[in-house]
Amino acid sequence: MVTRRQFVQSLPAFAVAAHMTLESNAALAAPAAPPEGHFHPHGKAPSEFTKEVLRKAKVSLPFADTRDFQEQKRGLIAPMKDLQIPTDDGGVSWDMERFQFLDQQQEFDSIHPSLHRIGRLNNNYGLYEVIPGIYQVRGFDLAQTTFVRGKKGWIIFDCLVTNEAMRAAWKLFQEHKGEGLPVTAVVYSHSHGDHWGGVRGVVDEADVRAGKVQILAPRDFMDYTISENVYAGNAMNRRLFYQYGVLLPVNPYGFVSQGLGHGISRGTSGLIAPTRIVEKNVEEIEVDGIRMIFQNTPFTEAPSEMNTYLPEMKALWIAENVNATLHNIYTLRGALVRDALNWSKYINAALYLYGQEAEVLFGAHHWPRWGNDRVQEVLRGQRDLYAHFNNQVLHLANQGVTVNQIHNVYDLPQSLQQKWYCRGYHGSVQHNARGVVNRYLGFWDCNPATLIPLSPEDSAPLYVEMMGGAAKIIARGRQLHDEGKYLLAQEILNKLVQAEPGNQEARELLADVFEQIGYQQENPGLRNSFLAGAYELRSGIPAGTAPKSSGPDVIRAMSTELFLNFLGIRMDSRKAEGLAFTMNLITPDNGEKFVIELNNATLSNLPGFLSDKPDLTLTINRADLEQTMMGAKTLEAQIKDGTAKVEGDVTILAKLAATMVDFDPRFEILPGTKLQSGDLVKAGAYEAVPGKCIPE
Ligand SMILES: [Zn+2]
């Protein structure tokens with residue numbers, strides 16, 4: 001029996017695939033043999049059309065510019081010798097062995113040359129000097145960790161995803177440059193999980209409480225570390241199977257790299273709350289004897305993020321606001337669309353506040369840039385990149401280009417296309433352009449025919465009928481496939497799969513089409529999504545077991561209001577028809593109170609208010625409520641042993657509990673791929689079950 005928490009917390013680690021057992025479909029027709037080295041028995045080699053796309057990319061891109069490779073290896077102090085980092089429970093936290101194939105061949109006909117390039121750059125793996133006094137351990141996780149010499153010890157900028165990876169990084173650092181000195185401070189650059197999840201690997205919370213270690217974070221950090229992934233968390237976790245290719249083996253025909261880094265380490269994650277929030281827009285703070293100027297950059301790459309300038313070292317920490325890639329304006333796993341213009345403006349502010357004198361630019365992913373000319377060049381390029389999306393996409397939208405056309409119309413200017421650090425290794429030009437339209441105008445293209453359309457499965461049968469039936473569609477689909485017209489082929493084959501989910505031949509052919517489109521992509525998220533679609537069409541959704549869950553820090557960081565809001569989402573309104581009550585919730589230890597109403601099959605809550613005539617008053621310390629939120633102790637048990645006090649109609653709690661639904665992160669995306677067996681994913685009625693904090 002897998003609890004929902006165990007399953008979700010195993011995501012989105014790529015290695016989750018190792019814990020999945022394939023539900024093979026016995027009815028599959030015998031396929032042609034896959035190309036040598038392909039991981040799937042139905043896998044296909046890249047077609048001549050696909051190879052031609054990759055050849056053209058090779059000659060159109062600025063491969064003569066090798067500065068990234070020089071910068072990536074500059075300052076290497078010691079490579080990491082162990083290609084695998086173990087987890088505490090005997091598994092593998094990080095496996096660099098898997099990515100060595102990227103350096104063993106000049107090119108692959110199933111990997112876009114530009115994606116191959118960033119994959120090779122992400123093969124950096126070891127300890128590097130940024131400048132004397134600033135060091136980075138790179139390649140242990142999706143992000144990097146940075147050590148800055150303070151007066152008494154080391155100030156850490158960002159802590160990777162897991163304790164295991166972070167501990168290994170600290171060990172390597174101490175072997176060469178750490179001088180045996182302790183951690184004196186941690187700076188969390190922003191709210192995404194790859195920048196704080198490993199903090200407990202190197203910091204003891206008791207030392208934080210005792211004032212020996214200071215933890216600094218940007219404004220609203222705690223709110224956004226959790227809230228970004230709660231309301232739609234289950235859907236986001238499922239969609240990560242596509243964006244991050246969770247089930248795809250690392251392979252020339254599968255997963256290659258995630259762009260920002262190779263991937264996400266597995267193991268135990270935690271969170272220690274900051275002791276100092278940087279509240280002002282720009283604020284100078286001395287941290288372990290080092291002057292630091294913090295620049296809050298809210299609603300850029302993350303809703304809570306900050307840059308740091310170290311004036312004595314002329315070093316600019318740019319967080320994740322500037323990377324060696326185009327980042328996501330829209331995130332394929334699902335997220336609110338980011339504000340590209342705001343993002344650009346904060347990069348511009350950093351350029352004018354600090355970039356005029358900075359001699360080195362370093363950040364949370366990739367590698368540093370040295371020399372003021374290069375620093376300014378990269379800041380300007382990245383500034384213009386995000387501004388261009390905002391301005392030119394809206395320029396086109398104002399002339400009638402819609403969300404369904406913009407990705408075929410919009411492109412970056414040549415000068416940005418030819419800069420490697422503007423290439424789409426995380427965001428793609430296509431999905432970001434659609435994202436900008438979506439941010440300002442929403443999903444509708446203003447054609448009434450698309451305003452309240454039939455669901456795909458309801459419209460598809462008519463298309464199939466009008467096209468003359470399945471056999472004709474498959475024949476034409478195969479023809480289009482054989483002519484390399486994959487986008488046209490997917491149009492009609494998708495209709496057939498929607499209409500006839502059980503049509504094996506249609507699913508297999510659509511998978512072949514998706515696979516070719518996937519091979520052609522420069523962007524890892526696009527590639528992974530098409531290859532994941534092919535995988536699930538061929539094999540179905542795998543059943544899975546998952547390793548043990550990590551610590552309770554995330555639940556502790558979740559506000560009671562956020563928890564109650566989420567209960568409103570977990571509640572199946574259809575089961576609450578006719579129910580009505582008013583309830584007071586009081587949590588004395590933190591002084592909070594809420595009035596909660598169920599009315600109109602809708603659960604609402606209001607912090608700071610109590611009802612005069614509640615049907616029920618529940619009094620429980622927030623610390624105890626957390627046990628229920630974690631699924632460790634039911635509310636019923638809390639009441640039974642007197643931990644929670646109730647006054648009024650206690651049956652309300654059971655009635656409400658009966659409306660709560662478990663979200664299973666393995667729901668079907670493509671027709672006919674449904675999980676046939678495997679454990680149901682269960683949660684307690686009042687568990688908080690947030691989606692795992694998603695690294696980005
Ligand atoms: Zn990140």
Side-chain angles (χ1 to χ4, degrees), residues 11-14 94 118 121-122 124 136-146 156-163 165-166 169 186-199 201 217-218 221 224-229 236-237 240 243-246 257-267 269-271 297-308 317-336 338 343 346-347 361-368 382 386 421 424-428 432 523-525 528 554 691-696:
L11 301 173
F14 302 119
W94 184 246
I118 193 72
L121 286 163
N122 284 338
N124 56 7
Q136 285 189 318
V137 170
R138 296 188 207 136
F140 281 40
D141 213 318
L142 190 69
Q144 325 292 24
T145 181
T146 302
I156 301 182
F157 280 68
D158 287 358
C159 299
L160 310 182
V161 175
T162 61
N163 296 348
M166 191 60 207
V186 174
V187 177
Y188 297 144
S189 69
H190 67 290
S191 48
H192 294 151
D194 47 330
H195 303 272
W196 49 260
V199 63
F221 174 83
Y224 286 110
T225 49
I226 311 301
S227 66
E228 230 193 332
N229 308 315
M236 289 180 183
N237 275 302
L240 273 179
Q243 185 192 349
Y244 278 25
V246 171
S257 183
Q258 199 55 47
L260 285 178
H262 273 324
I264 297 156
S265 68
R266 288 185 72 214
S269 295
L271 174 62
T297 63
F299 297 100
T300 48
E301 187 268 334
S304 171
E305 186 149 358
M306 65 183 183
N307 300 328
T308 307
W317 165 257
I318 202 70
E320 197 168 327
N321 284 311
V322 169
N323 305 279
T325 178
L326 164 62
H327 207 288
N328 279 325
I329 297 170
Y330 170 67
T331 303
L332 297 175
R333 52 122 164 143
L336 296 179
R338 293 170 184 150
W343 193 339
Y346 275 112
I347 295 172
L361 177 74
F362 63 115
H365 292 270
H366 302 129
W367 51 89
Q382 288 261 305
Y386 296 106
Y421 54 81
Y425 300 130
H426 198 48
S428 76
N432 274 344
N523 177 266
N528 293 343
V554 166
K692 189 176 172 72
C693 291
I694 294 169
E696 186 168 351

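Every number for a ligand or one of its atoms is a count from 1 in the order of the listing. Note: hydrogens, waters and symmetry copies are ignored here, and every other heavy atom, side chains too, is used.
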Report the name of the N/O/S atom of Glu320 located nearest to the Zn ion (ligand 1).
OE1
Taking the Zn ion (ligand 1) as the reference point, name the nearest N/O/S atom of Glu696.
O
At the Zn ion (ligand 1), NE2 of His195 and NE2 of His365 open up to roughly (10° bins) 110°
For the side chain of Gln136 and the backbone of Trp367, is there at least one donor-acceptor N/O pair under 3.5 Å apart?
no
Carboxylate-amine/guanidinium proximity below 4.0 Å for Glu696 and Arg338:
yes
Name of the Asp194 atom (N/O/S only) found closest to the Zn ion (ligand 1):
OD2
Ring centres under 6.0 angstrom apart (Phe299, Tyr224):
yes
Go through Ser257 and His262 one step at a time and tell me if the side-chain hydrogen bond (donor to acceptor under 3.5 Å, both in side chains) criterion holds.
CA-CA 4 Å; Ser257 183; His262 273 324; 3.0 Å; yes
